[in-house]
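So the structure is just underneath, and the comments pick up after that.
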Amino acid sequence: MTQSLISPSSPEYLDRLNPEQREAIETTEGPLLILAGAGTGKTRVLTTRFAHILLEGRARPYQILAVTFTNKAAREMRERVGALLGETADGLWLGTFHALCARMLRRHAEYVGLTTGFTILDTDDQIRLVRQIMEPFRLDTKRWPPQALLGVFQRWKDRGLTPGQVTPAEDTDFAGGHARKLYAAYQDRLKAVNACDFGDLMLHTLEILRTQPDVLAQYHRLFRYILVDEYQDTNTIQYLWLRLLAKRDHGPSNIACVGDDDQSIYSWRGAEIENILRFEKDFPGAKVVRLERNYRSTAQILAAASGLIAHNSDRLGKTLRPGREDAQGEKVQIISVWDSDEEARITAGAIERLRAEGHPLSQIAILMRAGFQTRPFEERFLTLGLPYRVVGGLRFYERAEIRDAMAYMRVLAQPADDLAFERIINVPKRGVGAAGLQKLHHEARLLNAPLSVGVAHALETGMVKGKGREALGGLMEAFQRARETRESEGHVVASEQLLEDSGYLQMWRDDKTPEAPGRLDNIKELLRAIGDFASLEGFLEHVALVTETEDKASADTVSLMTLHGAKGLEFDTVFLPGWEEGVFPSQRSLDEGGLKSLEEERRLAYVGITRARKRAVILHAARRRIYANWQDSMPSRFIDEIPADTVEHSGQAMQERRQLAAQSSIFASGPLTSTRGGYGRPAPRVTDVVADASHGIAIGARVFHQKFGYGTVLAVESDRLHINFEKAGEKRIMAHFVEQVS
DNA sequence: GCTTTTTGGGTTTTT
DNA sequence: CCCAAAAAGC
């Protein structure tokens with residue numbers, strides 16, 4: 001990439017772009033949809049477009065609204081735009097939907113009953129709050145878990161619905177039809193404590209833009225151009241927000257959205273693929289530019305991925321073409337293995353061989369459907385001493401000790417932050433339990449003051465006695481001293497002092513569990529990070545909006561991550577394990593969302609394959625351990641959907657499996673003879689088996705199992721039997737593992 | 001109020 | 001199987 005400042009008259013930054021990319025950049029006026037397939041230079045187009053608008057003098061930096069989904073994408077765009085312009089651009093409206101909304105909301109908070117210093121709650125706070133509002137309703141928290149209720153609220157918020165806008169018909173049967181009332185109560189409570197949850201950042205901002213024409217007009221004047229990344233992942237409220245800002249009474253909407261309908265994988269989080277599918281209707285006269293030249297992957301990989309995604313029906317239609325003229329590349333390997341342990345063994349072995357050939361480990365990734373699938377790989381890598389890292393596992397700011405420490409900071413910055421105060425009032429133990437807390441809450445409510453004031457009052461009036469009195473007094477003093485220190489020596493010193501004086505650090509020093517030292521390190525890291533910010537408020541805002549910490553220097557390690565986590569990344573070699581029916585596509589997905597979900601799973605598979613630059617290896621196991629017992633599994637339908645001429649099969653397991661299957665009655669009726677490329681088409685699909693339930697074993701039948709002996713069938717779930725064994729107790733067994741006896 | 005036992009549930013999770 | 005959260009016990 002060119003680093004030097006480019007003069008507008010000779011735009012050499014446009015030189016090495018293909019015609020479609022140029023069109024996407026040079027069409028600055030009017031609505032534009034850029035359909036950018038995987039690896040077609042999307043980020044480059046977006047950032048160059050941003051710079052192009054500035055360099056042509058069409059707008060000042062702050063007049064462009066640029067929206068991304070992740071902080072990472074925002075950071076990257078900021079850096080690359082800065083590089084193109086040869087300067088660091090400040091004051092940009094460039095960020096995630098939530099960060100941009102937070103910025104707007106702080107300016108106009110009073111319109112929705114908040115003050116500019118409102119706190120942004122984390123998920124722990126939200127759950128605690130939901131639990132509080134549920135209490136008077138006396139609901140069974142087993143049947144209606146607070147998390148689930150919060151999920152209902154969130155889905156409403158994703159659709160831009162305030163409590164008043166949720167129609168009675170919308171009110172699900174959740175919580176006995178009380179969900180709407182609970183939602184209203186939750187929102188009231190948030191306002192009462194001057195707080196916002198994540199969804200509120202958007203909901204409140206949308207509300208302000210909807211109801212305050214002058215505010216909206218102000219932003220209309222400000223933003224001349226709007227750029228949106230990952231448009232296929234926008235949900236309804238984000239769409240409404242964008243449309244409000246883009247549509248104006250006079251003049252065209254200079255909104256450019258970049259996205260790929262084939263990479264929409266977040267519908268379960270409220271993303272509406274419809275948003276991208278109907279863009280041209282929403283913005284009449286919109287121009288559509290397709291970026292189809294892929295510069296990332298080999299022709300074989302592209303053909304495999306394209307063939308797979310062609311099985312989806314709801315598509316805008318795009319064909320990835322190889323942008324590079326070099327080698328055709330290797331075929332996509334499909335390896336059949338016996339079980340999940342062999343899968344890990346073979347993968348690790350292949351990686352060791354690649355490593356010996358000089359392949360950097362940092363260019364290898366193992367991408368799976370679900371987080372727990374990393375386990376066998378980790379075990380194998382540990383025994384081999386192969387360096388790896390699990391990406392996106394437990395995140396820094398979600399660790400308990402970090403949230404605790406953050407709560408201390410929040411109270412320091414904002415004594416009225418009751419939820420934060422509540423979190424740490426008894427951490428470390430200060431003898432305040434549920435009952436004591438109740439009393440203190442009551443006291444605060446009588447004074448119509450925050451909880452911390454209630455505590456101070458309770459201490460003065462002698463309400464609290466004994467040990468608790470001493471401990472709580474110490475806590476209040478620690479906060480008092482920290483506030484003084486903050487005045488005199490700044491927020492960094494004050495923060496550390498607070499954690500020390502409150503006894504929080506000592507609590508972990510006294511903790512003898514093996515995790516304690518690591519936790520102390522994390523807290524140290526947190527204190528270090530505070531120093532990067534000019535104020536405590538700035539730090540808190542950052543943490544509230546950013547969940548991950550910046551990637552540390554990328555060591556030479558294999559990356560293990562979920563397919564979702566891999567979106568936007570690329571590697572030379574990609575391993576895709578667990579391509580089995582029920583695992584991928586995930587059974588639960590299929591059960592809940594039917595065909596739509598299947599298509600989303602297929603897009604996920606497409607995302608997985610297109611991460612690979614040179615080599616993609618798909619694996620599937622004949623049986624997999626699920627919780628306690630082994631379960632047989634069939635190859636994923638996606639394997640069959642990849643064009644046969646782009647793949648290469650190997651592995652013994654399927655052959656053995658076929659022999660085994662031939663012996664057992666359940667598979668006997670299946671077409672086991674047809675072969676394709678030396679690879680036997682496996683036994684019929686699980687769904688086929690379900691359809692005919694050919695084992696013919698009924699409830700109450702007496703059966704014999706090689707290992708567990710004799711038992712009685714309690715329940716039949718298609719091909720799985722729930723059996724009460726005389727010696728071994730109750731087990732779930734695949735029907736073909738037992739034989740019926742009389 | 002705190003610790004232990006039981007039970008129940010178990011995808012994906014950019015913000 | 002393995003973890004988290006609720007219920008029971010001290």
**Prompt:** For the pair made of CD1 in A:Ile127 and C1' in C:dA4, what is the distance, rounded to whole Å?
**Reply:** 12 Å
**Spacing of A:Arg611 atom CZ and A:Leu367 atom CG [to the nearest 0.5 Å]** = 8.5 Å
**Asked** Are any of the side-chain heavy atoms of A:His620 and A:Ser636 separated by less than 4.5 Å?
**Response** no
**Prompt:** Rounded to whole angstroms, how far apart are CG on A:Leu437 and P on B:dC2?
**Reply:** 12 Å
**Item:** Euclidean distance, atom CZ of residue A:Arg624 to atom C1' of B:dG10 [Å, nearest integer]
**Value:** 16 Å
**Message:** Using a heavy-atom cut-off of 4.0 Å across all strands, would you classify A:Ser589 as base, sugar-phosphate, or nothing?
**Reply:** base
**Asked** How is A:Ile626 classified with respect to the nucleic acid when contacts are heavy atoms under 4.0 Å: base, sugar-phosphate, or nothing?
**Response** nothing
**Message:** So that I know where these two stand, are A:His564 and A:Tyr266 an aromatic pair - ring centroids less than 6.0 Å apart?
**Reply:** yes
**Prompt:** What integer distance in Å separates A:Asp591:CG from B:dG10:P?
**Reply:** 13 Å
**Message:** Just to be sure I understand the rule, does A:Ala73 reach a base, reach only the sugar-phosphate, or reach nothing, if contact means heavy atoms closer than 4.0 Å?
**Reply:** nothing
**Fill in**
Of the listed B:dT3, C:dC2, B:dT12, the closest approach to the A:Lys429 side chain comes from B:dT3
**Request:** Mind checking A:Gly199 for me? I need base, sugar-phosphate or nothing, with any heavy atom below 4.0 Å counting as a touch.
**Result:** nothing
**Item:** OP1 or OP2 of B:dT11 under 4.0 Å from side-chain N/O of A:Thr562
**Value:** no
**Prompt:** Looking across every strand, which nucleic acid part, if any, lies under 4.0 Å from A:Glu601 by heavy atom: base, sugar-phosphate, or nothing?
**Reply:** base
Got a list of protein N/O to nucleotides 8-10 of chain C N/O distances below 3.5 Å?
none

**Message:** What's A:Arg131 touching, base or sugar-phosphate or nothing? Going by heavy atoms closer than 4.0 Å.
**Reply:** sugar-phosphate
**Message:** Between A:Gln238 and A:Phe69, is there a side-chain heavy-atom distance shorter than 4.5 Å?
**Reply:** yes
**Request:** Name the nucleic acid region contacted by A:Gly568, choosing base, sugar-phosphate or nothing; use a 4.0 angstrom heavy-atom cut-off, strictly under.
**Result:** nothing
**Message:** Without decimals, in angstroms, what is the distance between A:Arg430 CZ and B:dC2 C1'?
**Reply:** 16 Å
**Complete:** In whole angstroms, the gap separating C1' of B:dG1 from CG of A:Leu472 amounts to 14 Å
**Fill in**
From CZ of A:Phe97 across to C1' of B:dT13 the rounded distance in Å is 17 Å
**Asked** Would you say C:dC3 has OP1 or OP2 under 4.0 Å from some side-chain N or O of A:Arg375?
**Response** no
**Item:** Worked check of ring pair (Phe, Tyr, Trp, His ring centres under 6.0 Å) between A:Phe153 and A:Tyr186
**Value:** CA-CA 9 Å; A:Phe153 299 166; A:Tyr186 174 74; 5.2 Å; yes
**Message:** So, OP1 or OP2 of B:dT15: does either fall under 4.0 Å of a side-chain N or O from A:Asn235?
**Reply:** no
**Watson-Crick or G-U counterpart of B:dG8, or none if no pair lies under 3.5 Å** = C:dC3
**Message:** Measuring to OP1 and OP2 of B:dT15, would you say a side-chain N or O of A:Asn71 lies under 4.0 angstrom away?
**Reply:** yes
**Asked** If we take the P atom in both B:dT12 and C:dA5, what is their distance in whole Å?
**Response** 16 Å
**Request:** Just say parallel, tilted or perpendicular for the rings of A:Phe198 and A:His98, cut-offs at 30° and 60°.
**Result:** tilted
